[in-house]
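This is the structure I have questions about; it appears just below.
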There are 2 protein chains.
Amino acid sequence: MKSEHIPKATIERLAVYLQILGNLGRDGVNIISSDKLAQACKVNPSQIRKDLAYFGEFGVRGVGYYIQELITAIKQSLGIDRHWYCALVGVGNLGRALLRHNEFARRGFIIRGAFDCDQDKIGKVESGLEVICSKRLKTKVRDLGLEIGIITTPPERAQRAADYLVESGIKGIINFAPARIAVPEPIPVEYVDYFHQFYALAFHITLSQHRA
Amino acid sequence: MKSEHIPKATIERLAVYLQILGNLGRDGVNIISSDKLAQACKVNPSQIRKDLAYFGEFGVRGVGYYIQELITAIKQSLGIDRHWYCALVGVGNLGRALLRHNEFARRGFIIRGAFDCDQDKIGKVESGLEVICSKRLKTKVRDLGLEIGIITTPPERAQRAADYLVESGIKGIINFAPARIAVPEPIPVEYVDYFHQFYALAFHITLSQHRA
DNA sequence: TTGATTTTGTTACTTTTTTCACAAATCAGC
DNA sequence: GCTGATTTGTGAAAAAAGTAACAAAATCAA
């Protein structure tokens, strides 16, 4: 099998597989079967084989998957076998926290530009990056080769940030602001709000208590 | 309709509806139809009606939904029409960032205990909370009425943190550590890792470039 | 080399989720 | 109070995702 439409859930699971394979690899394991990996991820083994089948044949029948090879294959499939340069728009509390968070670079997402439209912030230096006026995004995106935009503005300014980013030729957007944004069709947007998971947890706890 | 099994995707969408309704409410809108809300969320209007139908009848035929009422109804459905007291385990960089992040309290998730097993950290004060030895979780969970555990340890210590939390009688866990954890059946766990969204974005960008 | 055993890749089947379509309810104007 | 215009709630249909089952490939022992 190869390509066609790939379910969103598959992409999410690939990220999980990657996480677990990484931990296993660090523990010195070399080979794993879909069955064992499935146990570790708490999914169905067929599910794993099917998810991987969208991208190619990475296993060896009768043997299983070579962990390092599989990690490489999944990274390639997701497009994270390379660096991505990012623009961060909105240098507030959250923005600053992300700029300081060096996990970004470790995972291959390198924030190379920090932008804000507040005159008081422009010119200041945050984690080694000078804060630049959002209106200058276009030039910077071109000059620095930025491909991903990270929105960390307050919700009411998220749409404007998105507009600047789109206009500047950015290729995709991660929106941390608690607001939906509208962008032209081809540009993918992902929303991040970990309170959604808190809500889901509150729901599940409440549900099980209601049953009891 | 009422209760039965509710899709995970429905819960996620309810959180999105809530976000958008909140923003609309602040803008002074009072009533909205499933059609308009659907446009704002970029989902199918039937989807919205069906999602809500799992929990009750909140709309008025021929009219639409009263926004404030709907917000209340969704919050009740999710179980976030109340406060939740939380225990945070693992006072590293991420843990400290979350402790400082006052959005938690604003959204009704109040972190009332900070725990770590590192002797150097125990006794120190972070954002007004004294860091307590993880082994004392049980007493504190009882005395402070903590219901949700937030794991922010390094991945290799996530399972132990989970074990302490489960033993202490916690009702649910949010795991920020990049590792899967095993807990007894009835206790719900939600995983938070925003790099998954970065991966999804990288994938979509790569895909569309491949097509071009 | 053959046969037993393992485990993948893939097709067929099952279940779940989403979308469609329409009756039931509401409201405004006459 | 009736008529027409809306818009919900919901059962039926369609689409999508997940699971099971098995042939094909690989390994190993005899």
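Given the structure is predicted, the values throughout are model-derived calculations rather than measurements. Within every chain, numbering begins at 1; the chains are lettered A, B, ... in the order of the sequence lines, protein sequences first and strands thereafter.
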For R107(B) and Y199(A), test the side chains for any donor-to-acceptor distance below 3.5 angstrom and give the result as yes or no.
-> yes

Looking at R13(A), does any N or O in its side chain come under 4.0 Å of the phosphate oxygens OP1/OP2 on dG18(D)?
-> yes

Is any N or O donor-acceptor pair between the side chain of K50(A) and the base of dT10(C) shorter than 3.5 Å?
-> no

Would you please confirm or rule out a distance under 4.0 Å between OP1 or OP2 of dG9(D) and any side-chain N or O of Y65(B)?
-> yes

Would you mind telling me which residue lines up with the more 5' stretch of DNA chain D, P7(A) or V60(A), judged by nearest nucleotide?
-> P7(A)

N44(B) CG to dA21(C) P: how many Å, rounded?
-> 11 Å

Would you mind reading off the distance between L52(A) atom CG and dT7(C) atom P, rounded to a whole angstrom?
-> 16 Å

Interatomic distance where CZ belongs to R49(A) and C1' belongs to dA17(D) [whole Å] | 16 Å

Between CG of D35(A) and P of dT19(D) the distance, given in whole Å, is 13 Å

Using a cut-off of less than 4.0 Å, is there contact between a side-chain N or O of Q47(B) and OP1 or OP2 of dT17(C)?
-> no

In whole angstrom, what separates L70(B)'s CG from dT7(D)'s C1'?
-> 14 Å

Expressed in angstrom and rounded to an integer, what is the separation of K8(B) atom NZ from dA17(D) atom P?
-> 16 Å

May I have the distance from I6(B) (atom CD1) to dT16(C) (atom P), rounded to whole angstrom?
-> 14 Å

Does any donor-acceptor pair link the side chain of R61(A) with the base of dG9(C) at a separation under 3.5 Å?
-> no

For the side chain of D27(B) and the backbone of V29(B), is there at least one donor-acceptor N/O pair under 3.5 Å apart?
-> no

Where the side chain of D116(B) meets the backbone of V91(B), is there a donor-acceptor pair that is under 3.5 Å apart?
-> yes

Strictly by modelled atom types, are D163(B) and Q159(B) linked by a side-chain donor-acceptor pair under 3.5 Å?
-> yes

Figure out the CD1/P separation between I48(A) and dT8(C), and round it to whole Å.
-> 9 Å

Has S46(A) got a side-chain N or O lying under 4.0 Å from the OP1 or OP2 atom of dG18(D)?
-> no

S34(B) side chain N/O closer than 4.0 Å to the phosphate oxygens (OP1, OP2) of dT7(D)?
-> no

Only residue of Q39(A), Q47(A), R49(A) satisfying side chain to side chain donor-acceptor pair (under 3.5 Å) with S34(A) is R49(A)

